[in-house]
Structures are given as C-alpha cells and as structure tokens.
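No hydrogens, no waters, no symmetry mates; every other heavy atom, side chains included, goes into these values.
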Amino acid sequence: MDPMPSVLPDGEPVPEDGSLPPSALDGRAERPLGFYLHVPYCATRCGYCDFNTYTATELRGSGGVLASRDNYAATLADEVRLARKVLGDDPRPVRTVFVGGGTPTLLAAEDLVRMLGAVRDEFGLADDAEITTEANPESVDPAYLAALREGGFNRISFGMQSARRHVLKVLDRTHTPGRPEACVAEARAAGFDHVNLDLIYGTPGESDDDWRASLDAAIGAGPDHVSAYALIVEEGTGLARRIRRGEVPMTDDDVHADRYLIADSVLAEAGFHWYEVSNWAASEAGRCLHNELYWRGADWWGAGPGAHSHVGGVRWWNVKHPGAYAAALAEGRSPGAGREVLTEEDRRVERVLLELRLRDGIPLSLLRPAGLSAAERAAGEGLLETGPYAEGRAVLTLRGRLLADAVVRDLVD
C-alpha cells in the first residue's frame, strides 16, 4: 500500500518551511514513526497503472536537470533533512522505511542505500527496523540484491502480478514468467529474511486456472508474504482505453470474489494467514510493519514527488512533478502542495475504514449508534465473527472480507 494517489486532493497551503501545528507533535512518543521514500521513475508505463510515475520520455524537456534520476537520491535526502527540521527534537528512531515507486530499482543500489542513509543519519533507525524496497524482477540481479542487503535493507517486495504470459501481456508487464520466482531465490541467497510477491487477480482474459497457477508459482518460490489485489481499472489508463474500445473484456465483481476465495483457500493451505484483507503472511514476523503504520494511523513522512505524509492528525502531500519537487527543495522550500488537519471525527472514521480490514478488527466502542446497529445486522448476516462480536470487537468473516467496502460504509455512520 503506497500513499500515492494519482490525483492530489484540495487542502490548505503548506507553510514554506513545512512547519506543523504544535498539536501534531503532542503524544508523538507513543506513536511509531516510519518513512516512505518515493522513486517516481519507470522504464515503461504499465497499462493499468495510475500512480505518480514518469518514464524518461515523459520527463524529457519538462523537468530539466533537476528531475534527473542521476541526482534524485541527493534531492530526496534534502527532504529528509527538512523532515528533521520540521520534527525538531523528535526522539523517536525510525521503525520502518519503505522505498516504493515507480520502480525504485531503476536507480543504482548505491542510490537506494544513500536514501536510507539520510534517514539513518538524521533520525536513527530502531534496532529491529523494517527496511523494504519494491523491485522490478527484471531490474535486479544477485550483485544488486547483495548491495541492498549490505546497505541495510532487510525486506524486499517483487512485482510478480501473474505467472501467465498472456496475463502479463494484458497488464503490459515486461518481465518474463519465472523471473520473479528466481528473484526470491536470489534475495534469499543475498540474506533477505523477508520477501513479498505482489499478485493481481481479475485481469481480462485470466481464467481460474491461470490464477491458481500464479498462486502455486508464488508459493513455490518460497516468500514469507504474499499480497493479492483485485485489478482496478482506473480512468485515464491505457487498459481503460482498451476496454472501452472493446479490445479486451472487463471482469466483474463476481469474478473478483471467486478469485479472492481461491487465493484465501490456496494460501491458507500453504500456511499463509491473512492479517489484512489483501495480505497474507507465513508468520507474525513476515507481516509488513510499514503498511500496518498506515492502517493503524501512526506517523509517517512521505518523501518524494506526490508522496503523502501523516503526523499527529495532520496530513499533507507533495507536488507531483519531479521537476517542481526538486526546484522547491533547491530553493529551501517545502515541496508540500497542500494539507489538512483532521478532526477527531475524521480520525475516528479513518480508524473504522482502515482497521476493520485488519485481522484484529476494531473495538465496537469506536462506533456511533447507527454504526452499532449496522454491526449487529452484519454479525447476524455472517459478515462479522460472532465470537469477537460478543466480546466487543468487529472482525470480518471470510464473507465479510468479500464485502468489506460495503460493511465499512455501514459501520462508519
């Protein structure tokens, strides 16, 4: 889960120095702190992607030298130093660092290590810090992975998406089937204890057998974490245009539900346990702690073009274009494009929206009267586990996970 929506929301201006209201820093010692570092570059644009990413062609002539990949690590380090000034004497060592994109591994391994080094130098890292990068299977090799591991990374997430060539073709993925599985072995050999594979289900033209083959291939590769996401066709993407022209069919919600049930069954049989609606881990240690910061409303600083941050109920987001981002930092200004200060009600609603998706669920005390009535109905309809409900918690059943968005909407009332 990257904090990288394709369209920035409206909000109030961010002060030029990036300063936060004092209330945002109250009680911070009680909350973990993480960093998300966004790398906005891709070799090609996948047809389904609407993240804030740029190919070399898209940047040519529009970003100038400031938007160059060659000096990106130094530019991002400038924002980490800005974070240190904004957070002042914050005593917290960083609990998690997640490098996402885009394709972070288009940068040299030394650049990713340099970005991590900026966080370590300014804030320090917790002794058991989780340090993750996303990786494209075709942009790493054993030497690259060894350099990452030696530089402090201890978790890696490979974009596999599918084991079937025709499915990858529809998604415009450039790696060959089998390469992600080989990457897991190479990462293990380099010393990575924690490896994730990302899968996508519901691609036009994908069959149940294709999906089972992808799950089997992912499990057989030996990761300790698997993420499986339903394909969402976003307006403005190449895939949306192909569907509109009738070149490929659109899958429906029933297909997505069937594929989810297959995923949960196959992964559970292989020893993976769901801990968030779209995420399964082979052990407690295999869970993605960084994403849990998002889901539990902790503090994180998102550095990079378009990245979103949240500290103590204040959310802000950076300008999207790499050139504008670099120019702001070069001039000593915050790259923030806008922000919002969440009310207590906003934060309550967000807790329901996000934490209900977790295996632990939420305390019923978070709900208003209408939400409590909805929870009672949901428990009666088999959408919430009856045991936890009797003990004062709302926890989704398997059927509830299939209808999670609808259940959440009812409970936030």
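The minimum heavy-atom distance between Leu82 and Pro335, with the atom names listed, is CD2-CD, 3.9 Å. Taking every heavy atom of both residues into account, Thr105 and Glu134 meet most closely at CG2-O, 3.8 Å. For Tyr144 against Leu112, the heavy-atom pair with the smallest separation is OH-CD1, 3.6 Å. The shortest heavy-atom contact between Val341 and Asp346 is O-OD2, 4.4 Å.
For the salt bridge (Lys or Arg N to Asp or Glu O under 4.0 Å) with Glu206, the qualifying choice from Arg259, Lys169, Arg164, Arg212 is Arg259, the only one to do so. When each of Trp316, Tyr294, Phe35 is checked for a ring-ring contact (aromatic ring centres under 6.0 Å, His included) with Trp300, only Tyr294 meets the rule. Under the side chain to side chain contact (heavy atoms under 4.5 Å, CB included) test applied with Ser227, the options Leu199, Asn196, Asn291 reduce to a single match, Asn196.
Here the side chains of Met160 and Asp198 are not in contact, with every heavy-atom distance at 4.5 Å or above.
Contacts of Tyr260 classified as ring pair (Phe, Tyr, Trp, His ring centres under 6.0 Å), with partners at least two apart in sequence or in another chain: Trp280.
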Salt bridge (charged side-chain N to carboxylate O under 4.0 Å, His left out) between Arg84 and Asp90, worked out = CA-CA 8 Å; Arg84 176 77 277 178; Asp90 194 317; 5.3 Å; no
Test log, rule salt bridge (charged side-chain N to carboxylate O under 4.0 Å, His left out), inputs Arg348 and Glu345 | CA-CA 5 Å; Arg348 183 194 72 84; Glu345 176 61 9; 2.9 Å; yes
Side chain to side chain donor-acceptor pair (under 3.5 Å) between Ser207 and Asp210: does it pass, once the steps are laid out?
-> CA-CA 5 Å; Ser207 67; Asp210 291 332; 3.1 Å; yes
Could you please spell out the steps behind the salt bridge (charged side-chain N to carboxylate O under 4.0 Å, His left out) verdict for Glu186 and Arg179?
-> CA-CA 10 Å; Glu186 293 171 6; Arg179 178 59 195 151; 2.9 Å; yes
Going through the distances and angles, do Asn318 and His38 end up as a side chain to side chain donor-acceptor pair (under 3.5 Å)?
-> CA-CA 11 Å; Asn318 287 344; His38 185 63; over 6 Å; no
Worked check of salt bridge (charged side-chain N to carboxylate O under 4.0 Å, His left out) between Glu331 and Arg333 = CA-CA 6 Å; Glu331 294 167 6; Arg333 295 184 289 108; 2.8 Å; yes
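Between Tyr72 and Tyr325, the angle of the ring planes lies from 30° to 60°, which puts this pair in the tilted group.
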